[in-house]
Amino acid sequence: MSALAKNYKRKNISFIRGDGSFLFSTDGKKYLDFVQGIAVNSLGHSNKFLIKAINKQAKKVWHVSNAFKIPEGEILAKKLVNRTFADSVIFQNSGAEATETAIKVARRYFYSIGKPKKNRIICIKNSFHGRTLAAIHASGSKKMTEGFGPKIPGFDHFEFGNHEKLKKLINKNTAAIMIETIMGEGGIKVIPNWCIRAIRKLCNKKKILLILDEVQCGIGRSGKFFAFEYAKVKPDIVPIAKGIGGGFPIGAVLMTKKVSKAMIPGTHGSTFGGNPLSMAVGNAVLSQINEKLLNNVNKMSKHFISNLLKIKEKYPNIIKDVRGVGLLIGLQLFNDQTRFIKKLMDNKLLTIRAAENVIRILPPLNVKKSEINLALKIINKVCKELN
Ligand SMILES: *Cc1c(COP(=O)(O)O)cnc(C)c1O
């Protein structure tokens, strides 16, 4: 009997080793891993460059308190600022912490300018911002909040696409709109560029902040460094996590100078966030998210999606939609996807579910064409079997 709590429905499979896009199970089988720890291992398993970076830092110093200056974190923050809209960064350990911090920054900003009542955050109903108490109430999902009352106040919700409701929700107490640029857990729902732009305009008009949650779609996954770059907008606050650590837990909040001024000493902190070991890994990951890698994401994405669309044409009764941007790809089925995912796994392809009968496909950003072709072959085979 497992001593682990039962809060996960785990598949009965374990791995002893990973190599790039592949995982090797304890029972000697080789799997093509298109989950990659849910968009976390941006550079695949056992990346040589990352192994070198983590070993080098491990021999120097792992952890010191944020009471001291941490040069590795200074460097990573500077690199993030140089590449993006942001002027400053706070490091955390996870996505949920990053989104919580984003909420704290938004509220503290209005507090700091003498508007403490401006503290409500508008979110998309059933979006995903993590599993902490504030993050589940930001989502407003019944499934995630059930049994975890009392409800955390301060969040208002509109349904995906209901722009009229969104406009109506904004009042004098609204501090920010917080949305995922691409809804990952929600079923790889891409928010159109015109819509992101309209929300930015709305925020400007109402003098409220725009928080774009890029925990899943950020750091090159979309084919641009941030997915919101497609819409050519500048957000005020952006939580990141998954891809930036390449498998090492790192979260961060990126923000403009305007809002970061509110985060004076003592307003926020973390024991582990931004420690030297994590920052060394983050620096190594970021150095690899270059033009060449982004070109690979875009090329592989085109190849993958165009061929998935061909499979959809061949099996119009099974596949309802192929969607996504870059290497954040969703295959929406007409029926529940559990059996399909199981069959893919039996054929040595690992994928993961998302809402709305979607199968999420998340290759590493340095995936090879031959690996995508292998996945296409397996997906085609499973469609044929289930047809
Ligand atoms: C995964 C995810 C989170 C939460 O990240 P954790 O590291 O699991 O806390 C938050 N927002 C989005 C968009 C995510 O995909």
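Start at 1 with the first residue, then count along the sequence. Start at 1 and go down the list; that is how both ligands and their atoms are numbered.
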request  = Please name the pair of heavy atoms, one in Lys368 and one in Met300, separated by the smallest distance, quoted to 0.1 Å.
outcome  = C-SD, 4.0 Å

request  = Could you list the atoms of ligand 1 found under 4.0 angstrom from a heavy atom of His129?
outcome  = 10 (C), 11 (N)

inquiry  = Can you check atom 15 (O) of ligand 1: any protein non-hydrogen atom closer than 4.0 Å?
reply    = yes

key: Distance-minimising heavy-atom pair for Ser222 and Ala227   = OG-CA, 3.4 Å

inquiry  = Counting only heavy atoms from other residues, nucleotides and ligands, does the tally under 6.0 Å from NZ of Lys79 exceed 12?
reply    = yes

For Ser94, atoms of ligand 1 separated by under 4.0 Å from a heavy atom = 7 (O), 9 (O)

key: atom 11 (N) of ligand 1: the protein heavy-atom neighbour that sits closest, reported with distance to 0.1 Å   = Asp213 OD2, 2.8 Å

inquiry  = I'd like to know if Lys189 and Glu180 make a salt bridge, using a cut-off of under 4.0 Å between side-chain N and carboxylate O.
reply    = no

task = Please determine if Gly95 has a nitrogen or oxygen closer than 3.5 Å to a nitrogen or oxygen of ligand 1.
result = yes

key: Check: Lys242 N/O within less than 3.5 Å of ligand 1 N/O   = yes

query = Looking at Glu180, which atoms of ligand 1 are within less than 4.0 Å of one of its heavy atoms?
reply = 13 (C)

inquiry  = Salt bridge check, Asp19 against Lys48: does any charged N sit closer than 4.0 Å to a carboxylate O?
reply    = no

query = Under 4.0 Å from any heavy atom of Ala96, which atoms of ligand 1 are there?
reply = 4 (C), 5 (O), 6 (P), 9 (O)

task = Report yes if Glu185 has an N/O atom closer than 3.5 Å to an N/O atom of ligand 1; otherwise report no.
result = no

ask   = Can any side-chain N or O of Asn41 pair as donor or acceptor with the backbone N or O of Pro364 at less than 3.5 Å?
value = no

request  = Mark yes when over 12 heavy atoms from residues, nucleotides or ligands other than Lys142 sit less than 6.0 Å from its NZ; otherwise mark no.
outcome  = no

